[in-house]
Amino acid sequence: MQDAERLVTLTTDFGEGSPYVAAMKGVLLSANPSARVVDLGHSIPPQDVRHAAFFLASCLPYFPSGTIHVIVVDPGVGTERALLHIEAGGHHLLAPDNGCWTLAAAQLTKASPNLPTLTVRRLTEPRFWRHPVSSTFHGRDILAPVAAFLSLGGDPKELGCPVAQWVRHDLPAPVLEPQRLAGEVVFVDPFGNLLTNIPGEAFLTLASEAVRVVVGTREGTRVVRTYGEAGRGTLIALVSSCGLLEVAVAEGNAAHELGGAAGTPVVVNTLPTDSHFRLQI
Amino acid sequence: MQDAERLVTLTTDFGEGSPYVAAMKGVLLSANPSARVVDLGHSIPPQDVRHAAFFLASCLPYFPSGTIHVIVVDPGVGTERALLHIEAGGHHLLAPDNGCWTLAAAQLTKASPNLPTLTVRRLTEPRFWRHPVSSTFHGRDILAPVAAFLSLGGDPKELGCPVAQWVRHDLPAPVLEPQRLAGEVVFVDPFGNLLTNIPGEAFLTLASEAVRVVVGTREGTRVVRTYGEAGRGTLIALVSSCGLLEVAVAEGNAAHELGGAAGTPVVVNTLPTDSHFRLQI
Amino acid sequence: MQDAERLVTLTTDFGEGSPYVAAMKGVLLSANPSARVVDLGHSIPPQDVRHAAFFLASCLPYFPSGTIHVIVVDPGVGTERALLHIEAGGHHLLAPDNGCWTLAAAQLTKASPNLPTLTVRRLTEPRFWRHPVSSTFHGRDILAPVAAFLSLGGDPKELGCPVAQWVRHDLPAPVLEPQRLAGEVVFVDPFGNLLTNIPGEAFLTLASEAVRVVVGTREGTRVVRTYGEAGRGTLIALVSSCGLLEVAVAEGNAAHELGGAAGTPVVVNTLPTDSHFRLQI
């Protein structure tokens, strides 16, 4: 078995330092003491499937093929929602059927065009689970033992039958016109920077002329390549490290200072003048 | 040596991302670079031995036999309080003698009835410690090097002599009567759910008829199996994933909304009517 | 390869549970799936180079020789500031050229007098980087792949040429007089304890007689060896586990209660009386 095949990442909304994360690690390591557990993040806002979707899409693609990703953001735990095993681009994902994983899976399959396309199975085989299965903690009782099974080289086909339908979460589509881009904030990062659904490329094309960026009721005209180019407090627009338009406040917290949150409208317009770099008041 | 024997878990009240946790990892890995360090949680409220006790009891039992658990919640550091090595159910615990470990050890011995009962030793052999030993950071100077010694296959008998007395922390005993269960909140989880000392089984027996659950000055009658069964904001009572009565607010934070904290009284009464599912205002 | 040579520590200001930390782990583990990633801390206040400097100095020296430390506190990302590889006392550090690493490196070289002195190289060889290199996330695109290269046994000489100049961050020098020590708070730990730049030895010499410790506008006279020696709420002065004068509030948070922060002046004076242990009001 290769090293990457024993990597098991954990992403939850349990909070950093939660005893529930610790319990999942214990279950995993009891079944496979040589599994290598990697914390991705446990600060997903409780039950915020959209936040989880963007979080996963922005980090899962960097992991090696063969990695097993366990995702527990699960407002429907204990109800009839399914639990899924997803193979995408050579990665294994284990997640509830609420759409939290679909953005990441799209990235993973795009990055590995030679691998088989997406395979999604419903976890239906209780023999791989921990018993008794609680009604409120399937991360510990179902997903962690299934992850251990996979990390020991278990065959995903045994976990359940393929399914053809699942809940999807897509980014809202931006409106991209020749002189105007209209989208919204889709993720607030831990610095308070506002990631939008407007592609960086479309933004750069428009920003070859002077532009105005409007975020909720605030606006700015300062386009930069990186944070350090503008004075403290300036509202800046740049292409983020994930390739999307990002709105930030230099040395500040845009979410706090602009009141931006997921869903806040963001519009980019061209300006009549040709001055690219004007100070933001 | 088996993989599990090199697993060293860390639980502290130092805060996530504390330089003190990082220093302990360094000491451990310097003495045994192949030790496998697992963070359980560093968000125990400072010096809160009761919180630590419940935290540990709710996650240590899931780890494999042979795991070494280092626990640093230590208001008495540098005073005459002892530091202990505990063998319980095949696990090794290293902790201050303040009771933080006794609930977990009880769980561990119960889970492994064939293993020798509890052995507790006082750490008295400075040759296993890091010198000079500071007065304020025994986690780094005593517990981490002793954990490394154990992870290298060292014999616990060398660490000090067995002792017969130690500080215990037990859960307060609930009052369980045929029509009434009286207990208290013993743990607030990171979602704000309130875990009580009332056994889930006793609760379910009573809740086969309609019941009223009183938490502090608030009350509810909604008994569910899982969070998703009730509408947002409903006060709900359920059996938690650790087997105890839990009071929660659906899609909400019960600790904030009810003002519940460790010690808040919780009472379950049967009701004259037989309607199990009534909406909570 | 020895185990320690595959240890890669991460220290950032990205926030615990940040997707950016997760992305860096992915890049590292994709290039070297057997690297062993150790989180030191991701709660450095954003872009606070001084905080990072003290944080690193207080934990890096405990790690084994051969460890690779990746440090991303980088207000100048994307500007002309250099990225550096530093060899110090057998450790490898990868960090931006903003001084965040110099205190730690001084500790590392002091601890290993037989090893070659400090070697600092500027990372100039894009063949070791991830492409395209973003303007805002060099931790992912440059430092993580370079760390993986080193963890696979790569030769640091290939990374770039040695440089002789770099930004330094030194602790401010305290004024040490026979009856008076004047310094300042240099670090607030997660408990709110105030670490100063006054050497513990100088403090203990003065405190062999009665002393007054003045922190900002507050003062105290209680000198202790450890926290548990004083009653709750008492302002106490002690030698911290890192060897410097520390001011704390017993069972309290000195930063909150005294308003102390990095830069707050701290003065120790001898008193005319000889009573060492007086209660602080």
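Chain identifiers are assigned alphabetically (A, B, ...) following the order of the sequence lines, protein sequences preceding nucleic acid strands; residue numbering begins at 1 within each chain.
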Answer yes or no: are there more than 12 heavy-atom neighbours, outside A/Glu201 itself, under 6.0 Å from its atom CD? no
Compare all side-chain heavy atoms of A/Tyr62 with those of C/Met24 and state whether any distance is below 4.5 angstrom. no
Non-hydrogen atoms of chain A under 4.5 Å away: do they reach the side chain of C/Val37, the backbone, both or neither? neither
I need the single residue from A/Ser241, A/Cys242, A/Ser240 that forms a side chain to side chain contact (heavy atoms under 4.5 Å, CB included) with C/Thr136. Which is it? A/Ser241
So what's closer than 4.5 Å to chain C heavy atoms on A/Glu251: side chain, backbone, both or neither? both
When the 4.5 angstrom heavy-atom criterion is applied to C/Ser135 and chain A, the contacting part is both
Does A/Arg232 have more than 12 heavy atoms from other residues, nucleotides or ligands lying within 6.0 Å of its CZ? no
Measure A/Leu238 against the heavy atoms of chain C and call it side chain, backbone, both or neither at under 4.5 Å. side chain
NZ on C/Lys25 to OG1 on A/Thr9, rounded to 0.5 Å: 10.0 Å
Heavy-atom distance under 4.5 Å to chain A: side chain of C/Arg81, backbone, both or neither? neither
Checking heavy atoms, do the side chain of A/Phe54, its backbone, both or neither come under 4.5 Å from chain C? neither
A/Arg36 side-chain N/O to C/Pro33 backbone N/O, donor-acceptor pair under 3.5 Å: yes
Greatest number of heavy atom pairs closer than 4.5 Å to chain C - which of A/Cys59, A/Gly243, A/Ser58, A/Pro64: A/Pro64
Residue among C/Ser134, C/Ser34, C/Ala31 with most heavy-atom pairs under 4.5 Å to chain A: C/Ser34
Tabulate below the donor-acceptor pairs under 3.5 Å that side-chain atoms of residues 13-22 of chain C make, not counting sequence neighbours, or state none.
{"unit_1": "C/Asp13", "atom_1": "OD2", "unit_2": "C/Gln47", "atom_2": "N", "d": "2.7"}
{"unit_1": "C/Glu16", "atom_1": "OE2", "unit_2": "C/His42", "atom_2": "N", "d": "2.8"}
{"unit_1": "C/Glu16", "atom_1": "OE2", "unit_2": "C/Ser43", "atom_2": "N", "d": "3.2"}
{"unit_1": "C/Glu16", "atom_1": "OE2", "unit_2": "C/Ser43", "atom_2": "OG", "d": "2.7"}
{"unit_1": "C/Ser18", "atom_1": "OG", "unit_2": "C/Tyr20", "atom_2": "N", "d": "2.9"}
{"unit_1": "C/Tyr20", "atom_1": "OH", "unit_2": "A/Asp189", "atom_2": "OD2", "d": "2.7"}

So with a 6.0 Å cut-off around CZ of C/Arg50, is the heavy-atom count from everything else above 12? no
The interface call for A/Leu7 against chain C, heavy-atom contacts under 4.5 Å, is side chain
